[in-house]
Structure formats: C-alpha cells, structure tokens
Amino acid sequence: MKPNENHHRIWTLVALIPPGKVVSYGQLADLAGLPGRARLAGRALKLASPSQNLPWHRVLNSQGKISLQKGSDAYQRQVKRLQEEGIVVIGGKVKLADFQWQPSLGELLTLPF
DNA sequence: GTCGTGACATGCG
DNA sequence: ACGCATGCCACGA
C-alpha cells in the first residue's frame with residue numbers, strides 16, 4: 001500500500017472520534033477538507049493496518065448504517081465494539097441524532113493540518 | 001486507455 | 001422504504 005496525504009488526514013480524524021460517538025464517511029471527508037470524497041474515507045479505512053489501532057468501528061454511512069457486508073466477521077465485530085461503548089445498534093443501524101460526533105471549534109483548531 | 005467496482009452521498013420516482 | 005441514476009475517483013484487470 002502507498003498511503004498518501006489524504007489517507008493520513010482521514011486516519012488522523014478517525015483517531016480523534018471520542019468513544020461512544022460516531023461519524024459518517026462523508027463527514028470525515030468534509031473535515032479532511034475533501035468535500036464529495038466520502039468514498040476516499042472508506043478506502044482509507046480499508047487500507048489502514050490493524051497496528052494503527054484506529055477506532056474504525058465508529059464510522060458509519062450517512063444513514064447511520066454499517067457499510068460492511070451484513071453478517072460478515074467484520075460486520076459483527078463492528079456491532080460488538082459499538083455496543084461495548086454504549087452505542088445502541090438496531091438492525092445494523094445507529095441513530096445519528098443521538099450518537100453522531102460534532103467536533104467543537106476548539107477541536108477543529110487542533111487538527112494537524 | 002477503458003471498464004467495472006467499491007467500508008459513499010444525494011436526489012428523484 | 002426502495003431502487004436507480006449521477007457524482008466522486010482510485011484501483012486493478
């Protein structure tokens with residue numbers, strides 16, 4: 001794999017998501033200064049190595065649903081991890097109104113880019 | 001170069 | 001709610 005600057009930005013942001021909160025792929029792209037590049041966020045997560053210890057399970061699609069193949073190992077791991085943080089998952093879906101992360105201005109100012 | 005595909009998003013029927 | 005089209009663009013065949 002050949003990670004580029006965009007991947008790094010996505011990874012950095014994911015690492016900042018607080019436990020018990022979630023974000024959408026599109027939101028990550030926006031925060032990274034890459035509007036319209038939601039797919040890039042998904043790709044960055046796919047490319048991430050486990051050694052990075054990223055809380056990738058806190059990333060859902062714009063509907064609050066898990067974007068992994070339903071029933072797959074990864075899918076079930078994501079559900080489990082979310083629930084362990086107190087996030088309510090029903091039918092592979094999370095109520096964004098209750099759990100979506102809204103970074104404060106202060107947090108945004110500390111971004112390394 | 002072309003084409004299909006994909007951890008996406010949004011709008012329209 | 002659901003499918004379909006479109007926009008997005010990096011990858012691999």
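Note that this is a predicted model, so its numbers are computed, not measured. So that the names make sense, note that chain A is the first sequence line, chain B the second, and so on, each numbered from 1.
Atom CG in A/Leu96 sits roughly 15 Å away from atom P in B/dC8 (whole-Å rounding). Going from atom CG of A/Leu82 over to atom P of B/dA7 covers 18 Å, rounded to whole Å. To the nearest angstrom, P of B/dG6 lies 18 Å from CZ of A/Arg37. For the pair A/Lys70 NZ and B/dA7 P, the computed distance is 17 Å after rounding to whole Å. Taking atom CG of residue A/Asp30 and atom C1' of nucleotide C/dC8, one finds them 13 Å apart after rounding to whole Å. When rounded to the nearest whole Å, the span between CG of A/Asn4 and P of C/dA10 equals 8 Å. In this structure, the CG atom of A/Leu40 is 13 Å from the C1' atom of C/dC11, given to the nearest Å. Summarising the geometry, the separation between NZ on A/Lys46 and C1' on C/dG12 is reported as 11 Å, rounded to the nearest angstrom.
Under the salt bridge (charged side-chain N to carboxylate O under 4.0 Å, His left out) criterion, A/Arg58 pairs with A/Glu85, sequence neighbours left out. Contacts of A/Gln76 classified as side chain to side chain donor-acceptor pair (under 3.5 Å), with partners at least two apart in sequence or in another chain: none. Residues passing the side chain to side chain contact (heavy atoms under 4.5 Å, CB included) test with A/Arg39: none are found, sequence neighbours excluded. Judged as a side chain to side chain contact (heavy atoms under 4.5 Å, CB included), and not counting sequence neighbours, the contacts of A/Ala74 are A/Leu68, A/Ser72, A/Arg77. Residues satisfying the side chain to side chain contact (heavy atoms under 4.5 Å, CB included) criterion with A/Leu108, sequence neighbours excluded, are A/Leu31, A/Pro103, A/Leu111. Listed by chain and number, the residues in a side chain to side chain contact (heavy atoms under 4.5 Å, CB included) with A/Asn6 are A/Asn4, A/Leu34, A/Leu40 (sequence neighbours excluded).
Evaluation of the salt bridge (charged side-chain N to carboxylate O under 4.0 Å, His left out) test over residues 4-33 of chain A, restricted to residues two or more places apart or in two chains, returns none.
Residues from residues 13-22 of chain A that place a heavy atom under 4.0 Å from any atom of DNA chain B: there are none.
Straight-line distance between the P atoms of C/dT6 and B/dA7: roughly 22 Å, to the nearest whole Å.
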List, with names and distances, any nitrogen or oxygen atoms from the protein found under 3.5 Å away from nitrogen or oxygen atoms belonging to nucleotides 9-13 of chain B.
| residue | atom | partner | partner atom | Å |
| --- | --- | --- | --- | --- |
| B/dA9 | OP1 | A/Tyr25 | N | 3.4 |
| B/dA9 | OP1 | A/Gly26 | N | 3.0 |
| B/dA9 | OP1 | A/Ser62 | N | 3.3 |
| B/dA9 | OP2 | A/Ser62 | N | 2.8 |

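Side-chain atoms of A/Leu82 and A/Leu60, non-hydrogen and from C-beta on, do get closer than 4.5 Å to each other.
Linking ILVMFWY residues whenever their side-chain heavy atoms come closer than 4.5 Å, directly or via other members, places A/Phe113 and A/Ile10 in the same cluster.
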